[in-house]
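Note that the structure is a prediction, hence the values are computed from the model and not measured.
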Amino acid sequence: MRAIVIDRPGTFRVADVPDPTPRAGEVVVRVECCGICGTDLHILAGEFPPTPYPIVPGHEFAGTVVARGPDIRPDLPVGARVAVDPSLYCGYCRRCRAGRDNLCENWAAIGDTVDGAFAEFVAVPAVNAYRLPDHLDAQYGAIAEPLACAVHGMRRLGPVFGEPTVIIGAGTMGLLMLQLLVHAGAGPIAVVDRVSERLEVARKLGAAQAVTDAGELGGARFEVAVDATGVPEAIEAAIGLLGRGGRMQVFGVSPAEAEVRVSPFRVYNDELIISGSMAILRSFGQAVDLLDSGAVDPRPLLSEPLPLDQFGDAVDRVRGGQGIKWHIRPS
Ligand SMILES: [Zn+2]
Ligand SMILES: [Zn+2]
């Protein structure tokens with residue numbers, strides 16, 4: 001089969017590699033759509049410490065079951081259309097046993113630590129596969145992964161009904177969080193992003209205000225702030241936008257060595273809460289349900305998928321801030 005192989009940081013190739021065969025408990029999925037996200041760029045740059053090389057990246061994907069290993073549940077026949085939760089947990093460490101699988105001490109993930117879905121086929125644990133309703137195409141299926149991260153983020157935030165909220169960053173994650181925050185009754189919601197086309201999308205999806213710089217918010221203070229950029233300066237600015245008693249969620253992925261300046265006096269005196277949200281925690285099924293019901297509409301985020309041999313072009317477009325969500329169609 002053909003696949004994107006990153007042999008070492010800084011370079012990739014479209015290669016012919018052996019087809020995967022399913023081991024016990026696994027199915028092989030023919031990949032119809034796989035999204036490019038910031039993590040893939042980090043893996044390409046050698047900035048994602050858990051990644052071994054060489055690796056086939058790709059963790060946001062959907063496709064069709066084409067082969068089954070032994071002992072596979074009966075509701076996952078060959079031909080089943082699925083979206084796949086890429087999370088791989090050990091199940092026996094302290095965090096897993098506390099129900100916090102996403103913080104697993106032996107954390108792994110398809111496309112991050114084992115071969116992923118920028119390939120014609122990928123082997124996955126059958127338990128990670130979620131059936132896709134017939135009316136959802138593979139591009140919707142591939143959005144289930146980032147949406148599942150956003151669902152986890154919402155759970156970490158807690159109730160937001162009637163809370164003035166600001167989202168920093170209107171990329172895929174910021175715009176998915178926006179839709180969930182609108183549904184949860186947060187508001188009014190302001191969105192900050194440097195790219196004006198994204199602000200247009202944010203307004204369509206329910207943002208009351210969409211501005212290129214937090215300075216344009218007229219000194220407003222917010223109960224809830226969500227950073228969906230991972231940029232340290234943006235996170236500092238977001239904390240500065242919180243009113244007393246406010247809650248900040250660090251949702252974007254910063255470089256591991258980045259630091260921000262926070263006033264401990266403000267955290268104390270204003271009783272600020274700063275929380276994080278890491279990947280997916282039993283939120284994948286809800287993401288599929290939200291897409292199924294139409295409660296979340298990914299269409300304003302999507303560009304036409306590109307073939308596997310245009311992976312480099314797609315990466316350049318992501319880096320260049322062109323479009324919002326880019327997908328590869330490997331088969
Ligand atoms: Zn991702
Ligand atoms: Zn574990």
Search all heavy atoms of [X] against all heavy atoms of [Y] and return the closest pair with its distance.
X	Y	result
Ala148	Ala287	N-CB, 3.6 Å
Ile239	Ile274	CD1-CD1, 4.1 Å
Cys37	Lys325	CB-NZ, 3.6 Å
Leu176	Ala150	CB-CB, 4.3 Å

Check the hydrophobic clustering (I, L, V, M, F, W, Y; side-chain heavy atoms under 4.5 Å; chains of links allowed) and say if [X] and [Y] are grouped together.
X	Y	result
Ile167	Leu199	yes
Leu205	Leu147	yes
Met248	Val260	yes

Report summary line: side chain to side chain contact (heavy atoms under 4.5 Å, CB included) with Val82: of Val29, Val27, Leu132, only one passes, and it is Val29

Do [X] side-chain atoms and [Y] backbone N/O form a donor-acceptor pair below 3.5 Å?
X	Y	answer
Asp193	Ala170	yes
Asp19	Met1	yes
Gln249	Gly153	yes
Tyr140	Val288	no
Glu216	Asp213	yes
Thr113	Ala108	no

Query raised in the report: Checking side chain to side chain contact (heavy atoms under 4.5 Å, CB included) for the pair Arg194/Thr212: CA distance, chi angles, key distance, verdict?
Result: CA-CA 5 Å; Arg194 278 182 291 199; Thr212 51; 5.5 Å; no

Flag the pair [X] / [Y] as yes when at least one side-chain heavy-atom distance between them is below 4.5 Å, and no otherwise.
X	Y	result
Pro305	Gln139	yes
Leu272	Arg266	yes
Ile36	Phe118	yes
Val65	Val28	no
Asp85	Val127	no
Val5	Val17	yes
Gln286	Arg155	yes

Requested in this report: Assess whether salt bridge (Lys or Arg N to Asp or Glu O under 4.0 Å) is satisfied between Asp75 and Arg131, documenting all intermediate values.
Outcome: CA-CA 9 Å; Asp75 68 331; Arg131 294 290 297 260; 5.6 Å; no

Query raised in the report: Is there a salt bridge (Lys or Arg N to Asp or Glu O under 4.0 Å) between Glu200 and Arg198 once you walk through the steps?
Result: CA-CA 5 Å; Glu200 204 51 55; Arg198 293 180 173 190; over 6 Å; no

Query raised in the report: Can you list the steps and then say if Asp101 with Arg282 is a salt bridge (Lys or Arg N to Asp or Glu O under 4.0 Å)?
Result: CA-CA 8 Å; Asp101 316 5; Arg282 305 185 184 206; 2.6 Å; yes

Query raised in the report: Would Ser87 and Tyr89 satisfy side-chain hydrogen bond (donor to acceptor under 3.5 Å, both in side chains), going step by step from the backbone distance to the final call?
Result: CA-CA 6 Å; Ser87 317; Tyr89 312 131; 3.2 Å; yes

Report task. Please lay out, stage by stage, how Phe12 and Ile6 fare under the test side chain to side chain contact (heavy atoms under 4.5 Å, CB included). Result -> CA-CA 4 Å; Phe12 73 89; Ile6 302 175; 4.0 Å; yes

Query raised in the report: How are the rings of Trp107 and Phe48 set to each other: parallel, tilted or perpendicular (split at 30° and 60°)?
Result: perpendicular

Query - Candidate list Glu163, Glu271, Glu223, test salt bridge (Lys or Arg N to Asp or Glu O under 4.0 Å), partner Arg247, passing option - result: Glu163

